[in-house]
Amino acid sequence: MNVVILAAGQGKRMHSNLPKVLHPLAGKPLVQHVIDTARCLSPERLIVVYGHGGQIVRSTLVSDDISWAEQAQQLGTGHAVAQALSQLSAAAQTLILYGDVPLISMATLQALAQAAKDAMAILTVNLDQPSGYGRIVRDAAGAICRIVEEKDATPGEKGISEVNTGIMVVPTASLAKWLGMLGNDNAQGEYYLTDIVAMAVNEGMVVHSAQPQAEWEVLGVNSKLQLAELERQHQHNLAKQLLLAGVRLADPARIDIRGELHHGRDVFIDVGCVFEGRVELGDAVEVGPYCFLKNVSIAAGTRVSAFCHFEGAKIGPDGILGPYARLRPGTELGPEVHVGNFVEIKNSKVAAQSKANHLAYIGDAEVGRRVNIGAGTITCNYDGVNKWKTVIEDDAFIGSDTQLVAPVTVGRGATLGAGTTLTKDAPPDTLTVSRAKQLTLSGWQRPKKNK
Ligand code: UD1
Ligand code: CA
């Protein structure tokens, strides 16, 4: 099958400089949803008709399997499809999709292709409020005769509730012929793709129809209001899938997934969490309220409490993280690691059972097992030009308010006294302190206020 995706419209009602089809839904451009669904049908050709913001659209969607057809002026849907004609494989059927109708499902498209057989089929839907859409006109026997656009419809035709979603499957050779015959003598002065329906019927071709499994599949985006409504619909669908697969959600209306969320059994997710990229949650993982997780994997049994921000991190099993913890790219935590409030870890490995429970920065470090990192510990990893590594070996104890000036190593079992600024390696199993000795001046008095 050939797939043609119409994406040339500007989207005036979006009131935006970004071309309409690039506005994100679940973190992904609208048209990318359509492309991804179309790909599942293994099309022979996948052609995107672009116009407004052409260069941005093309550079955003770079991919080897997409061909491009420019529609410099938007003269109507028929004219748009005509721009792709030369790139279609004549032997196959052509499926026409819309770049601003993002939630169309594979199952519905397969049903439509089935319905078409060797002839054509259009995806229709019955709406309580059909206004604005093209209406499906059927004869007394129920066969489709033509489509009439709202602006060209008689009052009687406006009463028809079955509408054209715009999505259709057409034999390619016929499509090429009919598009060549289109005129624009209608209320909008446009070349209507929908006029090919009457041409097919004229030639004695039966025009079949199919219906989507759900109405939201065929809803288009023309405004930010509709975009927001479809986003909620999509998130609701994703939440429902998670619940049915055994994930416990505190509230299915308060979760946002902008990517893939993989999960084990007995996972719990509290309200307000946002997941981006690829996130994996192992068995019995709990995610507290208002966490942001992007490209993160969390192994079984780990508990994340409220307000954590994790990106590009690999977290071991049975950890205790947060509240208010930040893990940045390149973080790898072993089993049973504790990371508490206001601790930031970047590009560092922290091995099993180590703890950094309060207020610390660990960057470009390798931390062994059972290490205790006191409150206020900082790895000074950056000298203003280069980044350097800190190594903290197993069973070390880092006193509070310590600066580790990298490159530096804290030996196995070493203790650093609170307030130490470590500039040379600390030997194993010893106490290293770098601070002035404590003095008490017995005759000292507080200064007095000048009168
Ligand atoms: C079209 C259908 C209508 C259907 C409705 C469903 C026609 C004549 N009418 O109407 O029967 O009920 O969709 O939403 O087909 N586009 C281009 N180039 C153009 C014109 C449009 O790429 O020159 C793209 C738009 O970006 C959009 C899609 O085609 O993605 C539909 O265009 P739109 O103007 O919204 O069509 P409607 O008038 O709503
Ligand atoms: Ca429309």
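Numbers here simply count residues along the sequence, with the first being 1. When a ligand or atom number is given, it counts from 1 through the structure's own listing order.
Residue pairs meeting the side chain to side chain donor-acceptor pair (under 3.5 Å) criterion with at least one partner in residues 268-277, sequence neighbours excluded, are Arg258-Glu276. Screening residues 281-305 for side chain to side chain donor-acceptor pair (under 3.5 Å), with sequence neighbours left out, gives no hits.
Counted by atom type alone, Gln110 and Gln114 present zero donor-acceptor pairs between their side chains at under 3.5 Å. A side-chain N or O of Arg138 and one of Ser209 form a donor-acceptor pair less than 3.5 Å apart. In this structure, a donor-acceptor pair under 3.5 Å is absent between the side chains of Asn164 and Thr194. Looking only at atom types and distance, the side chain of Thr124 has a donor-acceptor partner in the side chain of Gln211 under 3.5 Å away.
The pair Glu70-Arg58 fails the salt-bridge criterion, with no side-chain N (NZ, NE, NH1 or NH2) lying under 4.0 Å from an Asp/Glu carboxylate O. In this structure, Lys151 does not pair ionically with Glu190, as no charged nitrogen and carboxylate oxygen lie closer than 4.0 Å.
At least one heavy atom of Gly76 sits closer than 4.0 Å to an atom of ligand 1. For the ligand labelled ligand 1, residue Thr194 lies inside the 4.0 Å heavy-atom shell. Using a 4.0 Å cutoff on heavy atoms, His79 does not count as a contact of ligand 1.
The shortest N or O to N or O distance between Asn164 and ligand 1 is below 3.5 Å. Remark: ligand 1 and Ala80 share no N or O pair separated by less than 3.5 Å (distance only, no angle test).
A salt bridge (Lys or Arg N to Asp or Glu O under 4.0 Å) with Asp364 is found for exactly one of Arg328, Lys346, Lys349, namely Lys346.
Between Glu215 and Leu127 there is a side-chain heavy-atom pair separated by less than 4.5 Å.
With a 4.0 Å cut-off on non-hydrogen atoms, Ala8 touches ligand 1 through its backbone as well as its side chain. Counting heavy atoms under 4.0 Å from ligand 1, residue Val163 does not touch it at all. When heavy-atom distances to ligand 1 are checked against a 4.0 Å cut-off, Lys20 has no atom that comes that close, whether in backbone or side chain. The part of Leu75 lying near ligand 1 is the backbone, judged by heavy-atom distances below 4.0 Å. Contacts with ligand 1 closer than 4.0 Å are made by no heavy atom of Gln188, backbone or side chain. Heavy atoms of Tyr98 found under 4.0 angstrom from ligand 1 belong exclusively to the side chain.
Close contacts between ligand 1 and Gly134 involve ligand atoms 3 (C), 4 (C), 11 (O), 12 (O) [criterion: under 4.0 Å to a heavy atom]. Close contacts of ligand 1 with Thr165, meaning ligand atoms under 4.0 Å from a residue heavy atom, involve 6 (C). Listed by atom number, the atoms of ligand 1 under 4.0 Å from Tyr192 heavy atoms are 8 (C). Counting atoms of ligand 1 from 1 in the listed order, those under 4.0 Å from a heavy atom of Gly9 are 22 (O), 26 (O). In summary, the atoms of ligand 1 found under 4.0 Å from a heavy atom of Leu6, numbered by their order in the structure, are 22 (O), 24 (C), 29 (O), 30 (O). Interface of Glu149 with ligand 1, defined as ligand atoms under 4.0 Å from a residue heavy atom, comprises 2 (C), 3 (C), 7 (C), 8 (C), 9 (N), 10 (O), 11 (O).
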> Given the rule in the side chain to side chain contact (heavy atoms under 4.5 Å, CB included) test, do Leu109 and Leu97 qualify, once you have shown the distances and angles that lead to the verdict?
Replying inline: CA-CA 10 Å; Leu109 294 179; Leu97 296 173; 3.7 Å; yes
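Considering each of Ile96, Asp100, Val148, the one bringing a non-hydrogen atom nearest atom 27 (C) of ligand 1 is Asp100. Residue nearest to atom 15 (O) of ligand 1, selected from Val21, Thr124, Thr77: Thr77 (by heavy-atom distance).
Taking the six-membered ring where tryptophan is involved, the planes of Trp68 and Tyr50 are perpendicular, since the angle between them exceeds 60° and thus also 30°.
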